[in-house]
Amino acid sequence: MTGHRRAKSAPARPLPWALAPLLTDALLLSLLLVGVLRFSIHVYPLNVGDMPVVGPCVLAGTVSAVVWSLGRYRRRAALLCALALSAAVLLLRQQLFYGAKACLEVMSDFMEETIDFPWQYSMKGQLPPAEHRAAAEAFLTFLTVLLSFLLGWAAVRVRSALLAVALTLPWLMPAFLAEVEEDLDWLAVALVFAVWGALLLSGLSGRKNGRAAAPAALLALLTGLMAIWGICALFPLEGYTQPQWAAEALE
């Protein structure tokens, strides 16, 4: 009887198909991190224009997706990563603290100049330019790694697109509040919006059918990118004139 039941058990899925959800999650997290970090570097005057973006984001997104997909070993893996990150912070605490102050000064100046923000922070005793930039890059890298694990928890563990949006929107909000148009990185914005849509659709599909989540996410991502590219091609930013109805709606 037992052998008969084993014979009728469902066959194991092929390895590529079994890894499809993990690879999809890693791809979405990596692209979202790339979009957020690229947007921050290109829009805000952080003076880290040559900072590597793709490599650290892909590594952090992949590790986060793997950790939050480990099932019963998830908590142990997350604890080990938290301990490793804490050790790195202790070793680099002076550089990270200086980098945090450098980024805070830049963002406070940006907000004060664009929307008359009532508070401004000024550093004292700045390091030489090379060390100053290295500290800012180290702090941004730390924020990217921290964001990757929070996004992994939201997108992979909880399967909540709204939490993922809530975690990434604060990085974009200062530029949106300042109504930055000429210097806005539209490629990064399109990437972030496309991943948001893919996470939303994959979350809805995963609740009904877990196997359909990965194909739905990839389809939504490609569709979103193609739609945004098509809109930009049909209505380029150069020479764009705001229609009267849009101006009235804005008022």
Side-chain angles (χ1 to χ4, degrees), residues 13 15-41 53-85 140-173 175-176 185 187-228:
R13 289 184 293 173
L15 184 60
W17 179 256
L19 291 178
L22 174 60
L23 296 177
T24 302
D25 290 335
L27 175 63
L28 293 179
L29 290 179
S30 300
L31 291 179
L32 187 55
L33 291 171
V34 168
V36 170
L37 185 57
R38 176 188 167 95
F39 182 91
S40 303
I41 291 175
V53 174
V54 177
C57 290
V58 171
L59 179 60
T62 302
V63 172
S64 179
V66 171
V67 167
W68 292 110
S69 300
L70 287 179
R72 60 179 180 176
Y73 299 106
R74 182 189 303 117
R75 294 182 179 178
R76 298 178 183 178
L79 179 60
L80 288 177
C81 292
L83 292 176
L85 185 60
L140 287 177
T141 302
F142 163 73
L143 287 183
T144 302
V145 174
L146 181 61
L147 179 63
S148 70
F149 279 90
L150 293 176
L151 286 175
W153 168 78
V156 179
R157 179 69 180 92
V158 184
R159 293 294 177 186
S160 174
L162 295 179
L163 281 176
V165 172
L167 289 170
T168 51
L169 190 58
W171 296 66
L172 282 62
M173 281 303 298
F176 292 164
D185 191 340
L187 177 61
V189 173
L191 192 59
V192 170
F193 280 19
V195 176
W196 282 354
L199 289 175
L200 177 60
L201 187 56
S202 64
L204 295 175
S205 302
R207 293 173 186 174
K208 297 180 180 180
N209 184 2
R211 296 184 179 181
L218 293 177
L219 179 61
L221 178 63
L222 294 176
T223 304
L225 290 175
M226 292 178 62
I228 295 173

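All residue numbers refer to positions in the sequence shown, counting from 1. None of these values were measured; they are calculated from a predicted model.
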**Item:** Smallest separation among heavy atoms of Val58 and Thr62, with atom names
**Value:** O-OG1, 2.7 Å
**Complete:** Between the CG atom in Leu150 and the CG atom in Leu167, the distance rounded to the nearest 0.5 Å is 5.5 Å
**Message:** Show, in sequence, the C-alpha distance, side-chain angles and deciding distance for Thr168 and Trp196, and conclude whether the side chain to side chain contact (heavy atoms under 4.5 Å, CB included) test is met.
**Reply:** CA-CA 10 Å; Thr168 51; Trp196 282 354; 3.0 Å; yes
**Asked** Which atom pair, heavy atoms only, marks the closest approach of Thr144 to Cys57?
**Response** CG2-SG, 4.0 Å
**Fill in**
dist Phe193:CZ -> Leu172:CG (nearest 0.5 Å) comes out at 6.5 Å
**Item:** CG on Leu146 to OG1 on Thr141, rounded to 0.5 Å
**Value:** 12.5 Å
**Fill in**
Closest non-hydrogen atoms of Phe39 and Trp171, given as atom of the first, atom of the second and distance, are CE2-O, 3.9 Å
**Message:** Working to the nearest 0.5 angstrom, can you tell me the gap between Leu162 CG and Leu169 CG?
**Reply:** 11.5 Å
**Donor-acceptor contact present, side-chain Ser64 to main-chain Ala60, <3.5 Å** = no
**Asked** Where is the tightest heavy-atom contact between Ala188 and Gly35, given as atom of each residue plus distance?
**Response** CB-O, 3.4 Å
**Message:** Let's go through Leu85 and Phe149 carefully: what are the C-alpha distance in whole Å and the side-chain angles of both, what is the deciding distance for side chain to side chain contact (heavy atoms under 4.5 Å, CB included) to 0.1 Å, and is it a yes or a no?
**Reply:** CA-CA 11 Å; Leu85 185 60; Phe149 279 90; 5.7 Å; no
**Asked** Got a second to check how far Leu199's CG is from Leu163's CG, nearest 0.5 Å?
**Response** 11.0 Å
**Asked** Does the side chain to side chain contact (heavy atoms under 4.5 Å, CB included) test come out yes or no for Ser148 and Leu29, once each step is laid out?
**Response** CA-CA 7 Å; Ser148 70; Leu29 290 179; over 6 Å; no
**Item:** Rounded distance (nearest 0.5 Å) linking atom CG of Leu32 with atom CG of Leu27
**Value:** 11.0 Å
**Prompt:** Taking all atoms of both residues into account, what is the closest heavy-atom pair of Leu22 and Ala65, and its distance?
**Reply:** CD1-O, 3.6 Å
**Message:** Could you check whether atom OH of Tyr73 has more than 12 heavy atoms from other residues, nucleotides or ligands sitting under 6.0 Å from it?
**Reply:** no
**Prompt:** Counting only heavy atoms not in Arg74, do more than 12 fall under 6.0 Å of its CZ?
**Reply:** yes
**Request:** Go through the steps for Arg159 and Asp25 under the test salt bridge (Lys or Arg N to Asp or Glu O under 4.0 Å), then give the verdict.
**Result:** CA-CA 10 Å; Arg159 293 294 177 186; Asp25 290 335; 2.9 Å; yes
